[in-house]
Trainee: 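Handing you this structure, nothing more for now.
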Amino acid sequence: MNTIPPIPTLDDYRPLAGDETIDRIRVKAAHLAGMHVVNINSTYYGGGVAEMLSSLTLLLNDIGLKVGWRVIQGSPDYFGVTKKMHNALQGGPINLSKQKKQIYEGVIYENSLRNHLTHDAVIVHDPQPLPIIEHYPKTVPWIWRCHIDLTEPNPTLWNYLKQYIEKYDAVIVSREEYKQDLITPQLVFEPAIDPFSIKNKDLSDDEIAERLNKYDIPTDKPLVVQISRFDPWKDPQGVIDAFKLARNEIDARLVLLGNVATDDPEGAKVYESLLKYQNDEIRLLSVEDTALVNSLQRRAAVVLQKSKREGFGLTVAEAMWKGNPVIGGNVGGIKAQIEDGVNGYLVDSVEQAARSIVELIKHPEKRKQMGEKAKETVRQRYLLCHYAEKYLDLLNNLEIKVVLRDGKQIGDHA
Ligand code: UDP
């Protein structure tokens, strides 16, 4: 018996995105049939980049491109350095010593020796693998896709990375305001979710109950939830403080769920530092379980994403897709997704977050109405087929002069 679950196809998006959109995407994909593209990032799971790559690569393969995915292998030292870079790109300080540069550049050089790239285009994600471009003859388009909140990157780090960034043919960021002073053309792609993944697909009440039960999460009181890597930028402390304030007016339970990405060495420390707050009403969970993410987002009365910086925040779109108005930090990509007071709330402080929690718990009808608008926002703008179309447009527009290995030329570009 075949037990392989079906892979979502572009046609599955027809009822959600409409025939016109799907037909248009098919035409754009046909121009690129057989094109061999590789993505390079730094983790197979944990975090939004891996989340999108796992679905996007499959969807692009479904529509005729040959899209692959490689992951950088690195030592703990290397991931220590790259997490500091991630933090500095979001505005934090960094001591960019010679030793850090050596670790960073050395690991990337080793990876370039192991990865034989003979593709028609290369897409490199975030700063971790960025310098890899140096080690290949540049005969095809190279794209740097930065998922980070670049509102205020640390200038020392930016100047160092710029030497690599400007070797690329295009840079993609998640918001207009993240564009920087670069000679390389910059594009804005808003990320998106896969509505058919285990994390986002419909679940029955029984399935939700079973999953919550597995982790002894009681549902006798409304659930307030934040689901994020344990990272100071996600402000888990602020969530706990806001929940405690809100508890003066409403009865509820808080669940903070986080996983640990292999490229984020800070997670365990942050998680441990929060354990002291755990009690009957506040639950911290560090597990890798996508069905639990889905169940919590569906069962929650209130979903928070109280980030201080956020490139986009897939968790926001994921919860909105499940009909939840999200209370989000008034930053980065969260601002793009939430229209304050319409499909969620944007908050600048613990007090505002607490007031919004109370408001949503006290007014279930309002919560439902805002939640419907939240779902519609995602349906219109943040489904993976929309994101795939942006890549097709980019690849169609790049000056690609490639001949496929069987001698056939690709679409209009040869
Ligand atoms: N995530 C998860 N389990 C967790 C915490 C997060 O699967 O315990 C997922 C979450 O559902 C989302 C991704 O990790 O798909 C996080 O992406 P986001 O853009 O919100 O933030 P990032 O981690 O990339 O900064």
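For ligands, and for the atoms within them, numbers begin at 1 and follow the listed sequence. Note that the coordinates shown come from a computational prediction; the quantities given were computed from them, not determined experimentally.
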Trainee: I'd like to check which ligand 1 atoms, numbered from 1 as shown, lie under 4.0 Å from a non-hydrogen atom of Lys234.
Mentor: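 With Lys234 as reference, the close atoms of ligand 1 come out as 21 (O), 22 (P), 23 (O), 25 (O).
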Trainee: Where does Val293 meet ligand 1, judged by heavy-atom distances below 4.0 Å: at the side chain, the backbone, both, or neither?
Mentor: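 The side chain, only.
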Trainee: How far is atom 23 (O) of ligand 1 from the closest protein heavy atom, and which atom is that?
Mentor: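 Nearest protein contact, heavy atoms only, for atom 23 (O) of ligand 1 is Arg229 NE, 2.7 Å.
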Trainee: Could you list which atoms of ligand 1 come closer than 4.0 Å to a heavy atom of Glu51?
Mentor: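 Per the distance check, 15 (O).
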Trainee: Compute the shortest N/O to N/O distance between Gly48 and ligand 1 and return yes if it is under 3.5 Å, no if not.
Mentor: yes
Trainee: Would you please test Gln186 and Lys179 for side chain to side chain donor-acceptor pair (under 3.5 Å) and show each step?
Mentor: CA-CA 7 Å; Gln186 294 170 78; Lys179 286 184 176 172; over 6 Å; no
Trainee: Parallel, tilted or perpendicular: which one describes the rings of Trp144 and Tyr168, with boundaries at 30° and 60°?
Mentor: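 Correct class here is tilted.
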Trainee: Taking only heavy atoms of Glu318 into account, list the atoms of ligand 1 that are under 4.0 Å away from them.
Mentor: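 Reading through ligand 1 atom by atom, the close ones are 10 (C), 11 (O), 12 (C), 15 (O).
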Trainee: Using the six-membered ring wherever Trp is involved, compare the ring planes of Phe230 and Tyr271 and label them parallel, tilted or perpendicular (cut-offs 30° and 60°).
Mentor: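 The arrangement is tilted - the two ring planes meet at 30° to 60°.
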Trainee: Can you figure out which of Ser228, Gly47, Gly258 has its heavy atom closest to atom 13 (C) of ligand 1?
Mentor: Gly47
Trainee: Run the contact test for Gln305 against ligand 1 with a 4.0 Å cut-off on heavy atoms, strictly below, and give the result.
Mentor: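 For ligand 1, residue contact (heavy atoms, under 4.0 Å) with Gln305 is absent.
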Trainee: Using only heavy-atom distances, determine whether the side chains of Lys375 and Asn343 contain a donor-acceptor pair under 3.5 Å.
Mentor: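 No, Asn343 and Lys375 have no side-chain donor paired with an acceptor closer than 3.5 Å.
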Trainee: Report, in ascending order of atom number, the atoms of ligand 1 lying under 4.0 Å from any heavy atom of Gly313.
Mentor: 19 (O), 20 (O)
Trainee: With distance as the sole criterion, is a donor-acceptor pair present between the side chains of Gln237 and Tyr277 under 3.5 Å?
Mentor: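 Side-chain D/A pair, Gln237 to Tyr277: present.
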Trainee: Excluding sequence neighbours, so at least two apart, what forms side chain to side chain donor-acceptor pair (under 3.5 Å) with Asn95?
Mentor: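 Partners of Asn95 under the side chain to side chain donor-acceptor pair (under 3.5 Å) test: none.
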Trainee: Which heavy atom of the protein is the closest neighbour of atom 6 (C) of ligand 1, given with residue, atom name and distance?
Mentor: Asn259 OD1, 3.6 Å
Trainee: When you measure from the side chain of Asp263 to the backbone N and O of Phe79, does any donor-acceptor pair fall under 3.5 Å?
Mentor: no
Trainee: So, Asn111 side chain and Ile72 main chain: donor-acceptor pair closer than 3.5 Å or not?
Mentor: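 Not at all, since once roles are kept as given, no pair shorter than 3.5 Å links the two residues.
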Trainee: Go through ligand 1 atom by atom and flag the ones less than 4.0 Å from a non-hydrogen atom of Ile227.
Mentor: 4 (C), 5 (C), 6 (C)
Trainee: Could you tell me the residue and atom name of the protein heavy atom closest to atom 18 (P) of ligand 1, and the distance to it rounded to 0.1 Å?
Mentor: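 Going atom by atom, the protein heavy atom closest to atom 18 (P) of ligand 1 ends up being Leu314 N, 3.5 Å.
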